[in-house]
Number of protein chains: 2
Amino acid sequence: MTAIEAQQRGVPKSELLRRHLLEMLNSGMVPHDKLSTERELAGAFSVSRLTVRRVLDRLEREGRVYRIQGAGTFVSEPRIAKSVELTSFSEDMRSRGLVPGSLFVEIERIPAGAEVGYALGISPAATVVHIRRVRTADAEPMCLENCYLPGHLVPEDMVLAPNDSLYAQLSGSYNVHLTRADQTIRVTVLSPADADALHVPPLSPAFRVERIGYDARGQAIEQAQSLYRGDRYSYELTILREAITTAP
Amino acid sequence: MTAIEAQQRGVPKSELLRRHLLEMLNSGMVPHDKLSTERELAGAFSVSRLTVRRVLDRLEREGRVYRIQGAGTFVSEPRIAKSVELTSFSEDMRSRGLVPGSLFVEIERIPAGAEVGYALGISPAATVVHIRRVRTADAEPMCLENCYLPGHLVPEDMVLAPNDSLYAQLSGSYNVHLTRADQTIRVTVLSPADADALHVPPLSPAFRVERIGYDARGQAIEQAQSLYRGDRYSYELTILREAITTAP
DNA sequence: CAGTGGTCTAGACCACGAG
DNA sequence: TCGTGGTCTAGACCACTGT
């Protein structure tokens, strides 16, 4: 085990250690292998034990390792599902081995209206950008998405690349970073028009997802309503029981 | 602000601080109120700043507070959805303001078979306990559940109380603690028989959930297949984007 | 019993936000 | 410029596991 390379510009030591451990986990270790002890890792990478623990805490939350007090830290069984993370449609599809794409159906600037205005925490009369897209995976429709963004976040002259992540474009041009989203997932059956857009028979079952995305300050950035084809899409998630909680 | 009471037997300081902060958040503070600084909290509760930070880290993950570097820590807007947590059906329903119940349809000891045996990581010939229940909310069917437990976890003479949480019963009688579960959520339409059991018309849309539950060591404890009525059930979840990640 | 992870302390310096 | 949260250190003691 070699000492970690010199700390790069602005990259925390914990992040370097995390990358190193991830590499170890992804190659050369099998489930239930024992990792070095926290004290050994601290010594080997010239960091404090607390730093090691913060990194292992996150890997544990992500389901990559498990820890047994008095025994050690061990590699987890690979899981079908990653821990729930906030990902864009594009990232989501790529992680499933599919090629994401988009077809613009509509893009317009309109008044928010009551529902969208309320969700975004702005005046119903304020302008929002409405983007309607059919999102594809391997060139076949997967999802019908209606996305609403506050107008002031999207300059009139901004050119939206349909295939790039909307988040990435906003994150790049502005200082807008999506950090949290509330989702409500329901089941529904598709109307004839929606079924047609998704290339499935009418009344096919589908996920209906409503999402409101927020930045670090809790400001709503995005409201989206999506319909996912039930025959192609599934949610896979790993959930954890947190440690001590006040009595249920 | 008063100093925290003397540490109780076995309860970590961080847990006492957490409870105190939760009480403050639940009564007397409104969204975007500023909390005391980490250093003030550390002083007021006679703990180190690191302990305060560990508590705030968790409250932040749970969506109760947000932090802005250089500015402070603030109360979050209340969310429709709690952060994803591993809860039993009973806990889930109670948190929605509904009264949970169960009807045993079937309970039997059978060989695991290929699929269940594989999911639980045991021999297909090993005995499993199969529990088939209709789970109710406010006395109306909500979910049809097929649950399989390794036979060695459930003694022959164990009496299962249909309305109590299965986890609580296992956790009490044995040292079996569910800490993680992998779920796959699909949409489907109900067969006539299932629709009848759930008191809905045939071909109604529904969630089909497959779950495998694990203990801290990664041993499978439970495999369950559930059908949730689409007209009554929805998933509400808050998802976070983790800090730095390796390039997507 | 020795060794592990779990909790905690009392500092330190840095990066960022606001006045 | 000053105060905030973000990162990190070098210790300490406790609770638990396994021999």
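Computed from a predicted structure; not experimentally measured.
For B/Gln69, the side-chain atoms get nearest to D/dG5 when compared with the rest of D/dG18, D/dG5, D/dC8. Taking every side-chain heavy atom of B/Arg53 into account, D/dG5 is the closest of C/dT4, D/dG5, C/dG5. Side chain of A/Glu40, nearest nucleotide from D/dT9, C/dC8, C/dT4: C/dT4. Nearest to the side chain of B/Arg67, among C/dT9, D/dG5, D/dT17, sits D/dG5. Of the candidate nucleotides D/dT4, C/dT9, C/dT4, C/dT9 has the atom lying nearest to any side-chain atom of B/Lys13.
Atom CG of B/Leu35 and atom C1' of D/dG3 are 16 Å apart (whole Å). Between the CZ atom of B/Arg54 and the C1' atom of D/dT7 there is a distance of 16 Å, rounded to whole Å. Straight-line distance from the CG atom of A/Asp57 to the P atom of C/dT7: 9 Å, rounded to whole Å. Atom CD of B/Glu38 and atom P of C/dC14 are 18 Å apart (whole Å). Distance B/Tyr66 OH to D/dG6 C1': 18 Å, rounded to the nearest Å. Rounded to whole Å, atom P of D/dG18 lies 8 Å from atom CZ of A/Phe74. Here C/dG6 presents its P atom at 19 Å from CG of B/Leu16, a figure rounded to the nearest Å. Straight-line distance from the CG atom of B/Leu41 to the C1' atom of C/dC8: 17 Å, rounded to whole Å.
Using a 4.0 Å heavy-atom criterion, one finds that B/Ile68 contacts the sugar-phosphate atoms exclusively.
Sequence order on DNA chain D of the closest nucleotides to B/Lys34 and B/Leu50 puts B/Lys34 first from the 5' end. Between A/Ser14 and A/Arg49, the one whose closest nucleotide on DNA chain D sits nearer the 5' end is A/Ser14.
Counting distance only, with no hydrogens placed and no angle test, the side-chain atoms of B/Arg39 and the base atoms of D/dG5 include a donor-acceptor pair under 3.5 Å.
Taking the side chain as every heavy atom from C-beta outward, B/Cys147 and B/Gln223 never approach each other to under 4.5 Å. Put simply, the side chain of B/Val209 does not reach to within 4.5 Å of the side chain of B/Thr184, judged on heavy atoms.
Distances shown here put a side-chain N or O of B/Thr73 below 4.0 Å from the OP1 or OP2 atom of D/dG5. Between D/dT7 and A/Thr51, no contact under 4.0 Å exists linking OP1 or OP2 to a side-chain N or O.
Taking the six-membered ring wherever Trp is involved, the centroid distance between the rings of A/His130 and A/Tyr148 falls below 6.0 Å.
One finds no salt bridge joining B/Glu77 and A/Arg180 here, because no Lys/Arg side-chain nitrogen approaches an Asp/Glu carboxylate oxygen to under 4.0 Å.
Contacts of A/Arg96 classified as salt bridge (charged side-chain N to carboxylate O under 4.0 Å, His left out), with partners at least two apart in sequence or in another chain: A/Asp92.
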